[in-house]
Structures are given as structure tokens and as C-alpha cells.
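What follows is a set of notes on a single structure, which appears directly below.
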Amino acid sequence: MSSENRYDQGMAMRKSVLGAEHVARAETNKTDFDTDFQRIITEGAWGSIWTRAGIDKKTRHMVTLAIIAALGKNDELAMHIRATRNTGVTPEELREVFLQVLIYAGAPAANSAFGIAKRVFKELENEGK
């Protein structure tokens with residue numbers, strides 16, 4: 001597959017997971033400094049990995065959420081928790097993911113993840129009002 005095809009497929013997947021508005025904001029905020037980074041992440045993560053057929057998008061998202069939470073990448077975690085509304089990951093499933101994080105990555109990582117999820121869920125609830 002050509003780099004251009006991976007980019008186009010990656011951009012489509014990125015929009016389907018993170019939402020078209022989020023991606024549009026990221027594209028608008030892109031500068032000469034991070035243009036290459038944005039292209040590589042879109043082709044690599046979104047176009048080469050997220051588009052693979054081995055596991056479905058929802059499962060891939062739960063794995064991603066667990067890894068991000070375990071690594072303590074909290075800004076990225078908040079963004080991906082928001083994206084659960086696009087991938088079908090339910091709050092109950094997210095709770096189970098974070099309980100896995102508790103056992104395998106530790107209480108501090110899980111505690112942060114639960115706190116971020118509660119904040120994001122409250123924000124989403126307030127947006128719906």
C-alpha cells in the first residue's frame with residue numbers, strides 16, 4: 001500500500017475514532033514544526049495499525065486505553081476516553097479495562113485513569129445539556 005493510501009485510510013480511521021471535529025482542530029493547529037509528526041502518526045498508527053483486520057476497532061480501542069492508562073499518558077487518555085462514544089466502549093467496559101490496569105500496572109495508574117474518566121464523563125454529560 002502506498003504512503004498516500006495509508007495516510008488517507010489513517011485519516012479516515014482517525015476521524016472515526018477521535019471525531020471529525022477533533023481531527024479538524026488538530027489539523028488547524030498543525031505547524032511546520034509538527035507537520036511531519038502528524039503525517040507519520042496518521043500513516044503509522046492510524047493507517048497501518050488501527051486499520052488492521054486482526055481485532056475490531058472497539059477491542060483495539062480498549063487495548064489502547066489500557067496501555068495509555070498504564071503508561072500514565074493522561075492528556076492522551078482524556079482524549080481517548082472522549083472517543084469511547086465513537087468506538088462503542090461503554091463506561092462499564094472502561095471500568096473493567098481500568099481494573100486490569102490496577103492489577104497489572106498499579107494503583108496510581110488506575111487511580112489517575114478513574115479520576116480522568118469521571119471528569120471526562122461529567123464534561124460529556126454537561127455538553128449534552
Side-chain angles (χ1 to χ4, degrees):
M1 177 186 317
S2 77
S3 174
E4 205 53 45
N5 286 342
R6 270 195 310 278
Y7 180 83
D8 291 341
Q9 287 184 350
M11 189 57 77
M13 179 61 76
R14 188 175 165 200
K15 289 176 183 176
S16 80
V17 172
L18 300 178
E21 288 180 16
H22 172 86
V23 174
R25 277 192 309 276
E27 289 294 297
T28 298
N29 291 327
K30 188 168 57 175
T31 66
D32 288 342
F33 181 72
D34 67 342
T35 294
D36 291 338
F37 169 78
Q38 290 293 328
R39 181 163 193 95
I40 291 166
I41 203 78
T42 299
E43 289 175 5
W46 297 105
S48 294
I49 301 302
W50 274 84
T51 58
R52 292 178 57 83
I55 55 176
D56 62 43
K57 182 168 44 175
K58 181 178 178 179
T59 302
R60 195 171 301 279
H61 200 209
M62 287 192 289
V63 170
T64 301
L65 286 155
I67 293 168
I68 292 169
L71 292 173
K73 305 303 181 188
N74 295 340
D75 290 339
E76 197 82 2
L77 182 59
M79 176 185 70
H80 274 278
I81 291 170
R82 283 183 149 292
T84 60
R85 60 192 167 168
N86 301 325
T87 61
V89 176
T90 67
E92 295 76 19
E93 290 167 326
L94 187 61
R95 178 180 55 232
E96 294 302 318
V97 166
F98 291 162
L99 289 173
Q100 287 290 114
V101 169
L102 170 66
I103 296 303
Y104 290 98
N111 187 45
S112 291
F114 275 104
I116 292 165
K118 287 168 57 176
R119 178 180 50 95
V120 170
F121 289 150
K122 186 169 206 70
E123 290 169 5
L124 292 173
E125 183 181 305
N126 289 337
E127 286 175 13
K129 291 181 180 178

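We're numbering straight along the sequence, starting at 1. Because only heavy atoms are used, hydrogens play no part in the values below, and waters and symmetry mates are left out as well, while side chains stay in.
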>> For the backbone of Lys58 and the side chain of Thr87, can you confirm whether one donor and one acceptor N or O come within less than 3.5 Å of each other?
In response: no
> Is it true that Leu124 and Leu94 fall in one hydrophobic cluster, defined by side-chain heavy atoms closer than 4.5 Å?
Replying inline: yes
> Hey, does the side chain of Asp34 reach the backbone of Thr31 with a donor-acceptor pair shorter than 3.5 angstrom?
Replying inline: yes
> Is a donor on one side and an acceptor on the other found under 3.5 Å between the side chain of Gln38 and the backbone of Thr35?
Replying inline: no
>> Check this for me: does any side-chain nitrogen of one of Lys30 and Glu27 sit under 4.0 Å from a carboxylate oxygen of the other?
In response: yes
> Does atom NZ of Lys15 have more than 12 heavy-atom neighbours from other groups under 6.0 Å away?
Replying inline: no
Just distance, no hydrogens or angles: give the donor-acceptor pairs under 3.5 Å from side chains in residues 107-121, sequence neighbours left out.
from	atom 1	to	atom 2	distance (Å)
Ser112	OG	Pro108	O	3.2
Arg119	NH1	Glu123	OE2	3.3

>> Using 0.5 Å steps for rounding, measure from the CZ atom of Phe98 to the CD1 atom of Ile81.
In response: 4.0 Å
> Within the side chain of Asn29, is there an N or O that forms a donor-acceptor pair under 3.5 Å with the backbone of Arg25?
Replying inline: yes
> Would Ile41 and Val23 show up in the same hydrophobic cluster when neighbours are defined by side-chain heavy atoms closer than 4.5 Å?
Replying inline: no
> With side chains defined as the heavy atoms from C-beta onward, is the minimum distance between Trp50 and Val17 less than 4.5 Å?
Replying inline: yes
> At what distance, to the nearest 0.5 angstrom, does NE2 of His61 lie from OG1 of Thr84?
Replying inline: 7.0 Å
What side-chain donor-acceptor pairs closer than 3.5 Å can you find for residues 62-79, not counting sequence neighbours?
from	atom 1	to	atom 2	distance (Å)
Thr64	OG1	Arg60	O	2.8

> Roughly how far, to the nearest 0.5 Å, is the CD1 atom of Ile40 from the OG atom of Ser48?
Replying inline: 11.5 Å
> How long is the gap from CE on Met11 to OG1 on Thr42, to the nearest 0.5 Å?
Replying inline: 4.5 Å
>> With a 4.5 Å cut-off on side-chain heavy atoms, are Gln9 and Glu43 touching?
In response: no
>> Going by ring-ring contact (aromatic ring centres under 6.0 Å, His included), name the pairs with one or both residues in residues 10-34, residues two or more places apart or in two chains.
In response: none
> Are there more than 12 heavy atoms of other residues, nucleotides or ligands under 6.0 Å from atom CD of Glu127?
Replying inline: yes
> Quick one: does Trp46's side chain get under 4.5 Å of Leu18's, heavy atoms only?
Replying inline: yes
